[in-house]
Number of protein chains: 2
Amino acid sequence: MDNKEQDILRAAERMVREGGYNAFSFRDIANEVGIRSASVHYHFPTKEDLGAAVAAYYTDKFLGALGEPEELVIAGKDPIKAYVKAFRDALAKDKRMCLCGLLGAEINGLPPKVVGETRVFFERNLDWLTRAYTLQKGEKGAKDKAVQTLALLEGAMIVSNALGNNENFDAAVQIIS
Amino acid sequence: MDNKEQDILRAAERMVREGGYNAFSFRDIANEVGIRSASVHYHFPTKEDLGAAVAAYYTDKFLGALGEPEELVIAGKDPIKAYVKAFRDALAKDKRMCLCGLLGAEINGLPPKVVGETRVFFERNLDWLTRAYTLQKGEKGAKDKAVQTLALLEGAMIVSNALGNNENFDAAVQIIS
DNA sequence: GTCTATAATTTGATAGAC
DNA sequence: GTCTATCAAATTATAGAC
């Protein structure tokens, strides 16, 4: 991936996480990156393309930094603990919602390609968690536990984001096991 | 409240719940209600005013339909069960996110008055749940349980909304007690 | 209360030079 | 790859007639 394209994706990620898909423009991005809006269109022809690319970029970055649950277990680490920490870091360091949590909330008003990539985030995360819970306590109920954990984390982010305090996040996620 | 104002609020609620605060315009509202956009401005001078009014309208409608937890207990009903059902109805009947859940996710990009009314939703709902849990099992830990339940419900809505299926909602909220 | 008309700005997108 | 220039449409908002 091009350096400029990464700059654009980073700027777009920041802006979408601030106010959603409709809260950024090609000019906003261009100003932040230091080029003109026509040049942004060269890299991502339409806004829909850029939106879909940002969602995919975020999903890869998030799960990539985490590693596979099987690897974590081999390294003697608790995958669920690592997963919760990844969400908490996203909230504490960036002071922002999960990008795909926000897009998931807005999904009924998004263009098709963005919808598709947003769904991929949820599917891949549910798969990751299901594998983690299967490793931990066997296959029985792993899928349900995965949904519960993902829902609780996304919801804890919303409540903390809305009220502007991270204590609510910690209070909410302490029931995850 | 005026009939026309209620029509406007209802239209705005539907549109915000579809794609967020930036996904509706005064013309969209006007078309749906059957007047001109200038007339919408007569009722709600700015978009910020309308956004804040919609959030307050939604909060009142949601908690009003539910009733107070103390009343529910007297009537022999389980307040927490009733609360979960209210969320499920919002998802199943309207096929849409919680309005304030969506605004809470977007909050860092919203104008001040909308931010204020969105926070009121979360504060009033946490207060409602805290009272319900206090009635149920005493004051100890009631606040934490309230945060956990609200977070799980908002997150379950996001996951179900994003993947377009209500089974995930049911799988997630079954751990609420 | 609702209308017409319109101002001022922003937006997504394209053509074509360099 | 990036630029200038530009377009058509949409957006929030206001003035003033009825």
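The structure displayed is predicted, hence computed values, not measured ones. Each chain gets a letter, A, B and so on, in the order its sequence line appears, and its residues count up from 1.
Counting to the nearest Å, the C1' atom of D/dT14 and the NZ atom of B/Lys47 are 18 Å from each other. Atom CD of B/Glu48 and atom P of D/dT12 are 13 Å apart (whole Å). Between the NE2 atom of B/His43 and the P atom of C/dT2 there is a distance of 4 Å, given to the nearest Å. As rounded to whole Å, 19 Å separates atom C1' of C/dT11 from atom CZ of A/Phe44. Atom CG in B/Asp28 sits roughly 14 Å away from atom P in D/dA13 (whole-Å rounding). Whole-Å rounding puts the B/Asn3 CG to C/dT2 P distance at 11 Å.
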If you restrict it to nitrogen or oxygen atoms, what contacts under 3.5 Å exist between nucleotides 3-6 of chain D and the protein, and what is each distance?
residue	atom	partner	partner atom	Å
D/dC3	OP2	A/Arg36	N	2.6
D/dC3	OP2	A/Ser39	OG	3.0
D/dT4	OP2	A/Arg36	NE	2.8
D/dT4	OP2	A/Arg36	NH2	3.4

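Using a 4.0 Å heavy-atom cutoff across all strands shown, A/Phe24 reaches sugar-phosphate atoms only and no base atom. Among the atoms of the strands shown, base atoms are found under 4.0 Å from some heavy atom of A/Tyr42. At a threshold of 4.0 angstrom between heavy atoms, the contacts of A/Asp49 with the nucleic acid are absent.
Within the structure, every side-chain polar atom (N or O) of B/Ser25 is placed at least 4.0 Å from both OP1 and OP2 of D/dA10. Residue B/His41 places no side-chain N or O under 4.0 Å from the OP1 or OP2 atom of C/dG1.
Heavy atoms from other residues, nucleotides or ligands lying under 6.0 Å from CG of A/Asp2 number more than 12.
A side-chain donor-acceptor contact under 3.5 Å links A/Lys145 to the backbone of A/Ser177.
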What pairs of donor and acceptor atoms, side-chain ones from residues 52-60 of chain B against any protein atom, are under 3.5 angstrom apart with sequence neighbours left out?
residue	atom	partner	partner atom	Å
B/Thr59	OG1	B/Ala55	O	2.9
B/Asp60	OD1	B/Arg124	NH1	2.9

Acceptor/donor pairs from residues 153-166 of chain B side chains to any protein atom, 3.5 angstrom cut, sequence neighbours excluded:
residue	atom	partner	partner atom	Å
B/Ser160	OG	B/Ala156	O	3.0
B/Ser160	OG	B/Asn165	O	3.3
B/Ser160	OG	B/Phe169	N	2.8
B/Asn161	ND2	A/Gly104	O	2.9
B/Asn161	ND2	A/Ala105	O	3.3
B/Asn165	OD1	B/Asn168	N	3.2
B/Asn165	OD1	B/Asn168	ND2	3.0

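When hydrophobic side chains of Ile, Leu, Val, Met, Phe, Trp and Tyr are connected at separations under 4.5 Å, A/Leu135 ends up clustered with A/Val73.
By the salt bridge (charged side-chain N to carboxylate O under 4.0 Å, His left out) test, A/Glu71 is found to be paired with no residue, residues two or more places apart in sequence or in another chain being considered.
At a threshold of 4.5 Å between non-hydrogen side-chain atoms, the residues A/Phe87 and A/Leu150 count as touching. Inter-residue side-chain proximity for A/Asp78 and A/Gln136 is flagged as met; some heavy-atom pair is nearer than 4.5 Å.
For DNA chain D, no neighbouring residue in residues 5-22 of chain B is found when judged by any heavy atom under 4.0 Å.
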